[in-house]
Every structure is written in C-alpha cells, then in structure tokens.
Participant: 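Dumping the structure here so I can ask a few things about it.
As the structure is a prediction and not an experimental result, all values here were calculated from the model.
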Amino acid sequence: MRKIYPYSSIQIDMKTRFLLRIIPELISPSDRNALQQVLEELVIKKPDTEKLLTTLSVRTAWDLFLQAMDFPLGSEVIMTAVNIPEMVKIPRYHGLIPIPVEIDFKELKAVAKDIEAKITPQTKCIMISYLFGAEYDITDIINVAKKHNIMVIEDSAESFHGPQSTGHPGADLSLYSFGTIKINTSYGGSLAIIRNNEVLYRKMKHILESYSELPNKMFVKKIGKNAFPWLGLNWKPLNKYGRLVVNYGLGIDHREMMVSLIRGFNDESDFLEKFRKQLPIAMMAMLAMRLKAFNQADFEKKSQNLRDTMNTLVKGGVEVPGHGIKDRYFWLYPFKTNEKDNVFNKLQDRGVDVYKKSTQLKLVESPVGSKYEFPYQTKEFMDKLLYLPFHLEVPRDQLMEMAKEVIEVVKEVNAVKNRSINRQSKL
C-alpha cells in the first residue's frame with residue numbers, strides 16, 4: 001500500500017482541554033466588561049496610546065472603522081492585491097473604491113513606491129494585509145502614508161504569532177483574527193488595536209456597543225459544526241484513511257468538503273448586518289483563555305521547523321513565496337509551479353495532500369474602467385500556487401520527508417517539460 005502522510009493543508013488549532021475548560025462559561029457566563037479588561041491586560045502594551053476592541057470578526061472591525069471615519073462617497077482605499085472577498089465588498093458597501101497594489105513574490109509584500117504611485121487626492125487609507133502569515137516591516141509604507149496624511153490599517157488576520165506582538169506602532173489600526181482555521185483559534189473573534197486616536201476609538205466603541213450580543217448557543221453551535229472537520233483534519237488515523245474513503249469511495253473532494261463545513265458567514269443576504277453583532281461571551285472567554293495559555297517558546301520552535309523546511313525546498317529548486325523574509329511565520333504553506341495539475345497529481349500519488357485553492361483568498365481586482373492597472377503580476381503567481389500540508393503540528397521529520405517528495409516531483413516534472421521544449425525546438 002502506498003504511503004499516506006496524515007496531514008492536510010489546513011488545520012484547526014484547537015485542543016480538547018480548551019473545549020472542556022469552556023464548559024463552565026456556558027453554564028455561568030462571565031461579565032463582558034471583565035473579560036474585556038482581561039484581554040486588554042494581555043494585549044495592550046502602551047495603554048496611553050493603544051486601545052482595544054474585541055469584535056466578532058476582522059470584518060466587523062473593518063466595517064466599524066469605515067462607519068466611524070465616514071469617508072466621502074467615491075473615496076479610495078488602497079489594498080494589498082489579495083484578500084478574502086468580503087474585506088473588499090465592505091468598503092464598496094460604504095461607497096468606497098478599493099484600489100489593489102501588487103505583491104512582491106519573494107517577500108510577499110506591498111512595496112512603498114508602488115503604493116505611493118497609486119495615491120490620489122481621493123485616497124483616504126491604506127490596508128496592508130500580511131499574506132500567508134508573512135509579516136514584514138511596513139515602516140516605509142507608514143512614512144509614505146504620513147507624508148500624504150493617509151491612515152494605515154494593518155490586516156494581520158493571517159499573521160498572529162503571539163500576544164507579545166500586536167502590530168506596528170505606526171499603524172492607526174491593527175487587526176487580528178481568531179477564526180476557525182487561524183492560529184490560536186477561538187472559533188471566531190477578533191482583536192482591533194486603535195492607536196493615537198481617542199476619538200476614533202470612542203466612535204468605534206459606541207457603534208460596537210449598539211450591536212446585539214450573540215448568545216452562547218451560537219458558540220456551542222459553532223463548536224458542533226466544527227467537530228467533524230476538527231477530527232477529520234487533526235486526528236491522524238481519520239485524516240489518513242478518511243480521505244481515502246471520501247475521495248475514492250464516495251467520489252467527494254475531501255478538501256472542498258472540509259472548507260465548506262468550516263466556512264463562516266455563508267449567507268449573502270443582509271451582508272453588513274451579519275457582521276454587526278457582538279461576539280458571544282463564551283467565545284470571548286475562549287479567546288482570553290487561549291491568549292493566556294499561548295506557549296511562545298513552543299510556537300517559535302515549531303515555526304523554525306517550518307522555516308528550515310522552506311529553506312530545504314528553496315535549495316532544492318522549489319519556489320516558495322515569502323522566502324526572502326527573515327524569521328517569517330506561516331499560515332498556509334504555498335509553493336509556486338508552472339505545472340500545477342501535473343505536480344498536484346504526482347504529489348497526491350505520493351500521499352502528500354496538497355490543495356489547489358487558498359480557502360477564501362481572492363484577487364482584489366481593479367475597478368471596472370479604472371485608470372489603475374490590473375494586478376496581473378499578483379494574479380499570475382496566485383494562479384500558480386499549490387498549498388502543502390505543512391503546519392505547526394507536523395513533526396520536523398515528517399516535514400523534511402514531505403519536502404523531499406516535493407523536490408523530487410518538481411524536478412521530475414520540470415525535466416519532462418524541458419525535454420519536450422528541446423524536442424520542439426529541434427523540429
């Protein structure tokens with residue numbers, strides 16, 4: 001029987017002990033204000049200049065910011081050229097125009113000079129999204145923004161790497177997500193850190209407090225909804241043999257099935273209203289519990305395993321986005337290939353569960369008829385990505401073993417392609 005590696009490209013970073021420890025919160029809920037104070041003590045480093053809001057999702061916080069700022073209709077929002085569709089739809093619902101900026105493949109970053117080239121008198125803010133967990137220094141972008149009196153929002157939804165790191169001190173707003181497939185998940189919830197702007201904080205807080213509170217039964221429902229994906233992705237025997245049964249026995253793509261089960265906010269009706277809620281008390285308590293229990297040393301050790309694996313892949317001729325970032329972190333683990341289908345099939349044959357899609361991430365397209373350039377460079381590299389089953393819970397030896405499989409497949413496929421090109425050139 002062929003070897004099957006029991007890991008998937010997405011995981012649910014939840015432990016049984018946290019689910020058990022949240023039960024008392026479901027029976028006798030804590031006070032919301034008391035939990036907020038706990039979170040502030042865990043997260044806020046400079047209380048004189050930093051303020052914290054705890055929201056249902058990053059989308060909730062983004063919408064709160066835009067409501068509070070109330071930019072004129074037709075104002076422009078510069079955004080990193082990849083995000084989830086809802087983050088792009090939200091400014092459009094506010095009558096604003098998202099303007100994409102290209103992403104550099106090597107460092108997965110937006111370049112300051114590219115951003116400055118897109119600034120117009122209508123530009124009101126810049127949203128920098130750290131893609132695939134690859135956080136980088138945005139000081140040069142902050143400086144450009146200050147030069148033009150423009151606000152900067154740091155979208156760190158994919159790049160949480162411990163409560164000791166809470167964003168660039170020059171960002172006006174930093175956002176962190178704890179959704180189902182995020183690192184240190186609490187099955188929802190977001191932290192929004194507002195800096196040097198008491199008026200903005202009070203406006204956002206006032207709007208947030210006007211929202212209805214979601215009941216704890218919604219959180220219980222979410223735990224139940226995620227129970228099967230959690231077991232299927234995280235329990236090795238079920239991951240290993242379950243995907244064979246689902247894929248070949250039932251003819252169902254297990255990756256699509258898992259993503260569909262996990263995905264939140266599916267209903268398209270009342271688009272903004274579904275975000276305009278306060279998170280359940282139990283979800284807030286779970287978030288506080290997870291932050292308190294975060295093991296920074298263990299996280300850094302496992303992140304280093306992923307970096308070492310990246311270096312092995314790059315040395316073996318595999319193109320890994322973001323390999324130019326020093327001490328980078330990971331959420332999803334993509335690599336680039338010009339022979340996507342061929343490499344995908346060969347790795348599947350070797351038991352490596354690669355994935356062709358990036359959950360909900362999509363290209364931020366230029367406005368129709370816009371004078372701004374379409375982000376062709378970003379689209380080209382996003383279209384060529386495959387996602388490896390590499391994450392924090394994969395042991396180092398397994399990471400290296402699968403990396404060897406990837407290197408061999410990429411070399412094999414490239415060799416066949418090169419021979420074919422040489423034959424055609426001789427004809």
Participant: More than 12 heavy atoms of other residues, nucleotides or ligands under 6.0 Å from NZ of Lys205: yes or no?
Facilitator: no
Participant: Roughly how far, to the nearest 0.5 Å, is CZ of Arg92 from CD1 of Ile90?
Facilitator: 11.5 Å
Participant: Checking side-chain polar atoms at under 3.5 Å, does Arg195 have a donor or acceptor matched by the opposite partner on Ser174?
Facilitator: yes
Participant: Strictly distance-based, threshold 3.5 Å: is any side-chain N or O of Arg328 a donor or acceptor partner for the main-chain N or O of Arg307?
Facilitator: no
Participant: Might you work through the side-chain hydrogen bond (donor to acceptor under 3.5 Å, both in side chains) test for Glu300 and Gln296, ending with a clear yes or no?
Facilitator: CA-CA 6 Å; Glu300 294 295 340; Gln296 193 69 48; 2.9 Å; yes
Participant: Strictly distance-based, threshold 3.5 Å: is any side-chain N or O of Asn216 a donor or acceptor partner for the main-chain N or O of Pro280?
Facilitator: no
Participant: Which label fits Phe294 and Phe160: parallel for a plane angle under 30°, tilted from 30 to 60°, or perpendicular past 60°?
Facilitator: perpendicular
Participant: Is Lys124 close to Met69 at the side-chain level, that is, under 4.5 Å between some pair of heavy atoms?
Facilitator: no
Participant: Does His391 have any ring pair (Phe, Tyr, Trp, His ring centres under 6.0 Å) partners at least two apart in sequence or in another chain, and if so, which?
Facilitator: none
Participant: Answer whether the closest heavy-atom distance between the side chains of Ile181 and Trp331 falls below 4.5 Å.
Facilitator: yes
Participant: Any side-chain to backbone donor/acceptor pair from Ser28 onto Pro24? Under 3.5 Å, distance only.
Facilitator: no
Participant: What about Tyr130 and Tyr136, are their ring centers closer than 6.0 Å?
Facilitator: yes
Participant: Before accepting this row, confirm whether a basic side-chain N of the pair Arg276/Glu273 lies closer than 4.0 Å to the acidic partner's carboxylate O.
Facilitator: yes
Participant: Side chains of Met14 and Ile223: does their closest heavy-atom pair fall under 4.5 Å?
Facilitator: no
Participant: Flag the pair Glu213 / Arg32 as yes when at least one side-chain heavy-atom distance between them is below 4.5 Å, and no otherwise.
Facilitator: yes
Participant: Please report the closest heavy-atom contact between Pro375 and Val364, naming both atoms and the distance.
Facilitator: CG-O, 3.5 Å
Participant: Going from NZ on Lys404 to CG on Leu399, what distance comes out if it is rounded to the nearest 0.5 angstrom?
Facilitator: 15.0 Å
Participant: If you measure from CG on Leu53 to CD on Glu40, what distance do you get to the nearest 0.5 Å?
Facilitator: 8.5 Å
Participant: Is there a side-chain contact between Trp62 and Val77 in this structure, where contact means two heavy atoms from C-beta onward sitting under 4.5 Å apart?
Facilitator: yes
Participant: Could you walk me through whether Phe271 and Asp63 pass side-chain contact (heavy atoms from CB on, under 4.5 Å), step by step?
Facilitator: CA-CA 11 Å; Phe271 175 70; Asp63 175 54; over 6 Å; no
Participant: For atom NZ of Lys379, is the number of surrounding heavy atoms from other residues, nucleotides or ligands below 6.0 Å larger than 12?
Facilitator: no
Participant: Does a salt bridge link Glu393 with Lys302, judged by any charged N lying under 4.0 Å from a carboxylate O?
Facilitator: yes
Participant: Please give me the minimum heavy-atom distance between Thr185 and Arg290, naming the atom from each residue.
Facilitator: O-NH1, 2.9 Å
Participant: Examine distances only and state if a side-chain atom of Glu339 and a backbone atom of Val413 form a donor-acceptor pair shorter than 3.5 Å.
Facilitator: no
Participant: In plain terms, say whether Lys113 and Asp140 are close enough for a salt bridge, that is, a side-chain N and a carboxylate O under 4.0 Å apart.
Facilitator: no
Participant: May I ask you to check whether over 12 heavy atoms, not counting those of Lys356, lie within 6.0 Å of atom NZ?
Facilitator: yes
Participant: Quick one: does any side-chain atom of Glu50 pair with a main-chain N or O of Ile193 as donor and acceptor, under 3.5 Å?
Facilitator: no
Participant: Report the distance from atom CD of Glu319 to atom CZ of Phe381, rounding to the nearest 0.5 Å.
Facilitator: 11.5 Å
Participant: With side-chain hydrogen bond (donor to acceptor under 3.5 Å, both in side chains) as the test, would you mind laying out the steps for Asn33 and Gln37 before giving the verdict?
Facilitator: CA-CA 6 Å; Asn33 292 330; Gln37 185 173 347; over 6 Å; no
Participant: Tell me the closest heavy-atom pair linking Thr80 and Ala110, and the distance in Å.
Facilitator: OG1-CB, 4.5 Å
Participant: Between the main-chain N or O of Ala112 and the side-chain N or O of Glu116, is there a donor-acceptor pair closer than 3.5 Å?
Facilitator: no
Participant: Distance-only, no hydrogens or angles: does the Glu102 side chain make a donor-acceptor pair with backbone N or O of Tyr376 under 3.5 Å?
Facilitator: yes
Participant: Roughly how far, to the nearest 0.5 Å, is the CG atom of Leu272 from the NZ atom of Lys89?
Facilitator: 9.0 Å
Participant: Might you point out which heavy atoms bring Ala34 and Asp31 nearest each other, and give the distance in Å?
Facilitator: N-OD2, 2.9 Å
Participant: More than 12 non-hydrogen atoms from neighbouring residues, nucleotides or ligands closer than 6.0 Å to NZ on Lys45, yes or no?
Facilitator: yes
Participant: Test your reading of the model: is there a side-chain donor-acceptor pair from Tyr176 to the backbone of Gly167, 3.5 Å cut-off?
Facilitator: yes
Participant: Mind running side-chain hydrogen bond (donor to acceptor under 3.5 Å, both in side chains) on Glu25 and Ser30 for me, showing each step along the way?
Facilitator: CA-CA 7 Å; Glu25 198 66 46; Ser30 297; 2.8 Å; yes
Participant: Considering the options Phe132, Tyr333, Tyr7, which one meets the ring-ring contact (aromatic ring centres under 6.0 Å, His included) requirement together with Tyr387?
Facilitator: Phe132
Participant: Using a 4.5 Å cut-off on heavy atoms from C-beta on, say whether the side chain of Phe335 contacts that of Leu313.
Facilitator: no
Participant: If you round to the nearest 0.5 Å, how far is CD1 of Ile141 from CD1 of Ile115?
Facilitator: 3.5 Å
Participant: If we ignore hydrogens and angles and just use 3.5 Å, is the side chain of Asp353 paired with the main-chain N or O of Pro389 as donor and acceptor?
Facilitator: no
Participant: More than 12 heavy atoms of other residues, nucleotides or ligands under 6.0 Å from NZ of Lys15: yes or no?
Facilitator: yes
Participant: Before giving the answer on side-chain contact (heavy atoms from CB on, under 4.5 Å), spell out for Val88 and Lys362 the whole-Å C-alpha distance, their side-chain angles and the decisive distance to 0.1 Å.
Facilitator: CA-CA 10 Å; Val88 184; Lys362 303 291 183 186; over 6 Å; no
Participant: Considering all heavy atoms of both residues, which atom of Gly188 and which atom of Met283 are nearest to each other, and what is their separation?
Facilitator: C-SD, 3.4 Å
Participant: Thinking salt bridges, do Glu401 and Arg350 make one under a 4.0 Å N-O criterion?
Facilitator: no
Participant: Do Ile183 and Tyr329 make a side-chain contact, defined as non-hydrogen atoms from C-beta onward lying under 4.5 Å apart?
Facilitator: no
Participant: Would you call the rings of His161 and Phe299 parallel, tilted or perpendicular if under 30° counts as parallel and over 60° as perpendicular?
Facilitator: parallel
Participant: Checking Thr337 against Val410 for the side-chain contact (heavy atoms from CB on, under 4.5 Å) test, could you report, in this order, the C-alpha distance in whole Å, the side-chain angles of both residues, the deciding distance, and whether it holds?
Facilitator: CA-CA 8 Å; Thr337 173; Val410 169; 5.5 Å; no
Participant: Would you say the ring centroid of Phe330 lies under 6.0 angstrom from that of Phe390?
Facilitator: no
Participant: The test is side-chain contact (heavy atoms from CB on, under 4.5 Å); show your working for Thr180 and Lys222 and say whether it passes.
Facilitator: CA-CA 9 Å; Thr180 302; Lys222 190 134 191 192; 3.7 Å; yes
Participant: Does Thr309 reach the side chain of Leu388, with side-chain heavy atoms less than 4.5 Å apart?
Facilitator: no
Participant: Testing the basics here: between Pro6 and Lys240, what is the closest heavy-atom pair and its distance to 0.1 Å?
Facilitator: CB-CB, 4.0 Å
Participant: Return yes if some donor-acceptor pair links the side-chain N/O of Lys340 with the main-chain N/O of Asp383 below 3.5 Å, else return no.
Facilitator: yes
Participant: Just wondering, more than 12 heavy atoms not from Arg202 lying within 6.0 Å of its CZ?
Facilitator: no
Participant: Less than 3.5 Å apart, any donor N or O on the side chain of Gln36 or Thr54 sitting next to an acceptor on the other?
Facilitator: yes
